[in-house]
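Data first, discussion second: the structure below is written as structure tokens.
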Amino acid sequence: MHAKRILFLAISLAIYILLWNLAFPYFQYLMDADAVGYLTVADRVANNDWHRSINGLWSPLNSWLLVPFIKKGMDGFTVALKINALFGGILIVLIEQFLNRFIAHSFFKKTVLLFLPIVAVYYSYFQVFGDLLQLLFVLVYLLIATSENFYGNLFKYILCGVMMALAYYAKAYSLPFFILHFTAIHTWHWWQTKQLYLAKNIMAIGTCILCILPWALQLKSKYGAFSLMGNAGKLNMSWYLLSHKSFKPEIKILVPPTYTNSPSYWEDPFFSQGAFHSPTESMALFARWIARIAHTCLQSIGCMNEISCFVVPLLLIGILVMLRKKNISTFDAFILAIALVPLGYLTMHIETRYIWLMLIGTIVFAGIWVQKLAYTWQQKIATIVFCISIIAYPIYNLEAWRDKGKQNFQIANQLKTLGIAGKKIISNSRDAGNLWVVNYISHNQFYSIEQYDFTAEELSQEIKRYGIEYYIRLKSNGELAGANFTTNQIVYENGDFEVVRLGN
């Protein structure tokens, strides 16, 4: 690697490390509901509770990485933050690889490397589990698929299968994406060259599935049905078709935790789920699914604009150029990856973090077009404008998220101070996810309220039914029907919340 190239990569990583550490005091509380799921799985593996750790919703790799540290007594979330910080640094290194593979323009490459640390810090803190780790494996896969002499190289095909199996263990969507993308690039290659490599294509996909099979069998042993994709797709499809979660008939108001020592039902919602629904169940649900797809397609444009306002135009230009040119190149596999990655999500639900891969595509596409501009001053202005576009939303969100989640830690620490652990808790919080975090940190069990159409008497019966012991009242929220503070003991109160011991 050229000395100047190493220098600018080192500078970019140094800026990233500095920014990440400066941000830590303000973003160390960004534990969300999904993080609680991953952390609970990690705790179970660390405590040799393997069967309960098998989970059809949370992909296991991120959780498994935490296990050695938790066994040593370290805090799982703090370790997860630091591991994800490492992933952010690796992301910069991998993007630098793509820049130097496809872009010749020196000013563009150097400027992007100076702006990238802001994006990497944002990605690192925004989603601590799943998405960033998956992205790294997908990028390694694309580096292989866009390398010289890739087509027909059996070793590279097998390596692709292994990489995407690892990506699957980080996030299950990697499997359908790999099958779709690998099939698409070979179909395109056959169209251009009449060389299909069908047997080797099947071997690559087969290698991926073979690596996934042990986990699929573990899922079958727990849930009773074989599935390579787990339960996430079924659950989400059912929820989005109905526009709400549905529960078993015996669940009335309070949704109990998955297990007696779970922080909430969100550890594994499969066991509290009522009937699963699919678009083929009825014409009404099929119509709702079509409407959902239309909504998600519109939503995807907003997600792409959060990455950069140039994502859509640059992607369209890249596809048009690929279709119009008469020769095939390794870059085609890269264009197809960026174009195909949102497709699976359009059928149900999409978020910007699901399509972070499009950031790398946009950077490369932008670099190619910048170097086509006639004058140096045009190239420099275009570069700066583009780089501002990729940091605009991260900066906006980082500012908005300062100290987000801090109250959850404050409530949890107060519960610890009061010696409240292993207790059954409810709350008037309309954001149940915050209380899942509180109860995970404080080692309590939260009984969630997902629908609020109930009477005081009905809630009172539910409290007695489950033996609920404490009620956390957030003063910024409305009153919860049936919470009578004159007959129950307030054990802690400040300007933000109260902890109430309930008398059953």
Q | Closest approach of Ala165 to Cys208 (non-hydrogen atoms, all atoms of both residues) | A | N-SG, 3.7 Å
Q.
Could you report the tightest heavy-atom contact between Ile338 and Leu357, atom names first, then the distance?
A. CD1-O, 3.5 Å
(Q) Looking at Ser264, is its backbone amide N or carbonyl O close enough to the side chain of Asn439 to form a donor-acceptor pair, meaning the two atoms are under 3.5 Å apart? (A) no
Q) Just wondering, do Leu166 and Val140 contact through their side chains at under 4.5 Å, heavy atoms? A) no
Would you list the atom pairs, donor with acceptor, under 3.5 Å between side chains in residues 403-411 and any protein atom, with sequence neighbours excluded?
unit_1	atom_1	unit_2	atom_2	d
Asn408	ND2	Asn434	OD1	3.1

Q) Should the pair Tyr125 and Trp20 be assigned to parallel (<30°), tilted (30 to 60°) or perpendicular (>60°) ring geometry? A) parallel
Q: Apply the test side chain to side chain contact (heavy atoms under 4.5 Å, CB included) to residues Tyr470 and Asn444: give CA-CA distance (whole Å), side-chain angles for both, the deciding distance (0.1 Å), then the verdict.
A: CA-CA 10 Å; Tyr470 286 91; Asn444 288 290; over 6 Å; no
Q. Can we call the ring centroids of Tyr354 and Tyr173 under 6.0 Å apart?
A. no
Side chains of residues 70-93: which donor-acceptor partners sit under 3.5 Å, not counting sequence neighbours?
unit_1	atom_1	unit_2	atom_2	d
Lys71	NZ	Ala46	O	3.1
Asp75	OD2	Phe77	N	3.4
Asp75	OD2	Thr78	N	2.9
Asp75	OD2	Thr78	OG1	2.7
Asn84	ND2	Ser124	O	2.7
Asn84	ND2	Gln127	O	3.0

Q) Between Tyr223 and Phe271, does the ring centre distance come in under 6.0 Å? A) yes
Q | Test item: Thr362 and Ile390 side chains (from C-beta on) under 4.5 Å apart, heavy atoms | A | no
Q. Between Ser460 (side chain) and Ala456 (backbone), is there a donor-acceptor pair under 3.5 Å?
A. no
Q: Test side chain to side chain contact (heavy atoms under 4.5 Å, CB included) on Tyr240 and Asn236 and set out the steps.
A: CA-CA 6 Å; Tyr240 283 110; Asn236 279 295; 3.7 Å; yes
**Q.** Ring-ring centroid check Tyr440 Trp436, cutoff 6.0 Å
**A.** no
Q. Got a donor-acceptor contact below 3.5 angstrom from the Ser53 side chain to the Val41 backbone?
A. no
Q.
So, using side chain to side chain contact (heavy atoms under 4.5 Å, CB included) as the criterion, who are the partners of Leu343 when residues are at least two apart?
A. Leu180, Leu340, Leu346
(Q) Glu462 vs Phe454, test: side chain to side chain contact (heavy atoms under 4.5 Å, CB included). Steps then yes/no. (A) CA-CA 11 Å; Glu462 285 282 274; Phe454 55 81; over 6 Å; no
(Q) Let me confirm one number: the OG-CG distance from Ser238 to Asn231, rounded to the nearest 0.5 Å. (A) 12.0 Å
Q) To the nearest 0.5 Å, how far apart are CG in Leu116 and CD1 in Ile15? A) 10.0 Å
Q | Least distance between heavy atoms, Leu228 atom then Ala216 atom | A | CD2-CB, 3.8 Å
Q.
Please enumerate all residues that pass side chain to side chain contact (heavy atoms under 4.5 Å, CB included) together with Asn47, with sequence neighbours excluded.
A. Asp43
Q. Do Thr40 and Ser262 come within less than 4.5 Å of each other through their side chains, counting heavy atoms only?
A. no
Q: May I ask you to check whether over 12 heavy atoms, not counting those of Tyr452, lie within 6.0 Å of atom OH?
A: yes
Q) For Glu450, does its backbone N or O pair with a side-chain atom of Ser448 as donor and acceptor, under 3.5 Å? A) no
Q | Full working for side chain to side chain donor-acceptor pair (under 3.5 Å) between Asn261 and Arg52 | A | CA-CA 11 Å; Asn261 60 347; Arg52 288 184 176 181; 3.2 Å; yes
Q: Take Lys475 and Glu493 through the salt bridge (Lys or Arg N to Asp or Glu O under 4.0 Å) test and state the conclusion after the steps.
A: CA-CA 10 Å; Lys475 295 186 178 180; Glu493 180 180 10; 2.9 Å; yes
Q. What about the rings of Tyr169 and Phe137, do their centers lie closer together than 6.0 Å?
A. no
Q. Side chains of Ser227 and Lys234: closer than 4.5 Å at any heavy-atom pair?
A. no
Q. Does Tyr26 OH have over 12 foreign heavy atoms under 6.0 Å away?
A. no
Q) Do Tyr466 and Gln445 get their side chains close enough for a donor-acceptor pair, meaning under 3.5 Å? A) no
Q: Please collect all side-chain hydrogen bond (donor to acceptor under 3.5 Å, both in side chains) contacts where either partner lies in residues 413-425, sequence neighbours excluded, each pair once.
A: none
Q: Report yes or no: do Gln134 and Trp356 form a side-chain donor-acceptor pair below 3.5 Å?
A: no
Q: Test ring pair (Phe, Tyr, Trp, His ring centres under 6.0 Å) on Phe247 and Tyr265 and set out the steps.
A: CA-CA 11 Å; Phe247 300 97; Tyr265 82 90; 5.6 Å; yes
Q. Side-chain contact, heavy-atom cut-off 4.5 Å: His349 with Trp239?
A. no
Q) Can any side-chain N or O of Ser300 pair as donor or acceptor with the backbone N or O of Cys297 at less than 3.5 Å? A) yes
Q: Indicate yes or no: at least one non-hydrogen side-chain atom of Ile251 is less than 4.5 angstrom from one of Pro256.
A: yes
(Q) Using every non-hydrogen atom in the two residues, find where Val138 and Met164 come nearest and quote the distance to one decimal. (A) CG2-CE, 4.0 Å
Q: Classify the side-chain pair Glu267/Thr258 by whether it contains a donor and acceptor separated by less than 3.5 Å.
A: no
Q. Shortest non-hydrogen contact from Val128 to Asn62?
A. O-OD1, 4.2 Å
Q. What pairs meet the salt bridge (Lys or Arg N to Asp or Glu O under 4.0 Å) rule with one or both residues in residues 238-261, with sequence neighbours excluded?
A. none
Q | Under 3.5 Å donor-acceptor, Ser427 side chain and Ile472 backbone | A | yes
Q.
Could you check whether Ser246 and Gln273, counting side-chain N and O atoms only, form a donor-acceptor pair closer than 3.5 Å?
A. yes
Q | Atom of Ile253, atom of Leu459 and distance for their closest heavy-atom approach | A | CD1-N, 3.8 Å
Q. Is Tyr168 reaching over with its side chain to a backbone N or O of Cys211, donor-acceptor style, under 3.5 angstrom?
A. no
Q.
Does Tyr393 form a side chain to side chain contact (heavy atoms under 4.5 Å, CB included) with Ile307? I'd like the steps, not just the answer.
A. CA-CA 7 Å; Tyr393 193 77; Ile307 293 173; over 6 Å; no
(Q) Please check this pair: side chain of Arg44 against backbone of Asp49, looking for a donor-acceptor N/O pair closer than 3.5 Å. (A) no
**Q.** Geometric class of the Tyr38/Trp58 ring pair [parallel <30°, tilted 30-60°, perpendicular >60°]
**A.** tilted
Q.
Check for me whether the distance between the ring centres of Trp401 and Phe126 falls short of 6.0 Å.
A. yes
Q) Would you say the side-chain atoms of Lys222 pair up with the backbone N or O of Asn55, donor to acceptor, closer than 3.5 Å? A) no
(Q) A side-chain contact here means heavy atoms from C-beta on lying under 4.5 Å apart; do Leu241 and Arg292 qualify? (A) no
Q) Any sub-3.5 Å donor-acceptor pair from Gln28's side-chain atoms to Pro25's backbone N or O? A) yes
Q. Given side chains that start at C-beta, do those of Pro342 and Met304 come closer than 4.5 Å, heavy atoms only?
A. yes
